[in-house]
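Any value given below was found using the heavy atoms of this structure, including those in side chains, with hydrogens, waters and symmetry copies removed. Sequence lines set the chain letters: A, B, ... in the order given, protein chains first and strands last, and positions in each chain run from 1.
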Protein chains: 2
Amino acid sequence: MKDIGHCTTSCDRIKDVLARIGDKWSLLVIIALKGTGVMRFNELKRHLGVSQRMLSITLRELERDGLVTRTAYPTVPPTVEYQLTTLGESFGMAVRTLSQWAIDNLDEIDTARADYDAAQQNA
Amino acid sequence: MKDIGHCTTSCDRIKDVLARIGDKWSLLVIIALKGTGVMRFNELKRHLGVSQRMLSITLRELERDGLVTRTAYPTVPPTVEYQLTTLGESFGMAVRTLSQWAIDNLDEIDTARADYDAAQQNA
DNA sequence: CAGTATCCTTTACGATACTG
DNA sequence: CAGTATCGTAAAGGATACTG
């Protein structure tokens, strides 16, 4: 789509950030690491219930964006640890606000949904 | 996928919220409405550069979740105004933290990306 | 253990055309 | 103006099998 006739630069940057962290797993990985500090690959996998493939992709992107560090130890079998960078920690702070809101208000959203759906029935 | 062997309820709720607002347009609509107060359909469409179809779907979902109100006036041609509910405003506050972080730190992410990609070249 | 490679299905989304 | 309906494409993501 052509990038014409729409909103300002700050809007574009939000789009960029959403493109980066708006997927299903990035935020959850950040939250998990923020809570635990250091985690290994399969530990994260089990914790989140994510497929191997998607966790691999997600972690690589987060590393690329400078939000997490990957540390591999030359053991057999391999040991790889992930943790937040300083930038990742700062992002985690911003995410905490959002996740706290989610926890606090999801019930209200569920109620609104039920009301809306009920109203649609009578139409 | 089976919901077994993974993280706690709060994690599931984050997933739920992401499923709701993790799409390409929901957050941007919230941000737009938060900044402007009241907006009409085509006004939002032009502002965001979103297709008619997706804006329609997004607004309906946001209304269903109790985050925006839809007010239709019986004019010809029709006039429809959208604005945030109280719940939507409160969500907008949480989103502001995230979007501010985005604006402040996207350059650093871009740099990290460039570094990462450069390092991959020499491998 | 920590991935990669391949395949397949579902979903997101835009473009276009049509309606009250 | 504010949508809906239909279609087609591209991206997301899971399942499974394989590897150092």
Can you tell me the distance, in whole Å, between the [atom1] atom of [X] and the [atom2] atom of [N]?
| X | N | atom1 | atom2 | result |
| --- | --- | --- | --- | --- |
| A/Leu28 | D/dG13 | CG | P | 11 Å |
| B/Lys15 | D/dG13 | NZ | C1' | 13 Å |
| B/Leu55 | D/dA2 | CG | C1' | 10 Å |
| B/Asn42 | D/dC1 | CG | C1' | 6 Å |
| A/Trp25 | C/dT11 | CH2 | C1' | 15 Å |
| A/Met54 | D/dT16 | CE | P | 17 Å |
| B/Glu61 | C/dA12 | CD | P | 10 Å |

Measure from the side-chain N and O atoms of [X] to the backbone N and O of [Y], and report whether any donor-acceptor pair falls under 3.5 Å.
| X | Y | answer |
| --- | --- | --- |
| B/Thr75 | B/Pro77 | yes |
| A/Ser99 | A/Arg96 | yes |
| B/Thr79 | B/Tyr73 | no |
| A/Asn105 | A/Glu108 | no |
| A/Thr111 | A/Asp107 | yes |

Report summary line: Nucleotide by nucleotide, nucleotides 3-11 of chain D touches protein heavy atoms under 4.0 Å in the pattern (B base, S sugar-phosphate only, - none) BS-B-----
Does some side-chain heavy atom of [Y] sit less than 4.5 Å from a side-chain heavy atom of [X]?
| X | Y | value |
| --- | --- | --- |
| B/Glu61 | B/Trp25 | no |
| B/Phe91 | B/Leu27 | yes |
| A/Lys34 | A/Leu84 | yes |

Query raised in the report: Name the one of A/Ile57, A/Thr58, A/Leu28, A/Leu18 that satisfies side-chain contact (heavy atoms from CB on, under 4.5 Å) with A/Asp23?
Result: A/Thr58
Query raised in the report: When you check the phosphate oxygens OP1 and OP2 of D/dG14, does a side-chain N or O of A/Lys24 lie under 4.0 Å from one of them?
Result: yes
Report summary line: Sorted by position of nearest nucleotide on DNA chain D, 5' first, the leading residue of B/Pro78 and A/Gly22 is B/Pro78
**Report entry** Axis deviation across the helix from C/dC1-D/dG20 to C/dG20-D/dC1, five-pair ends, to the nearest 10°
**Finding:** 40°
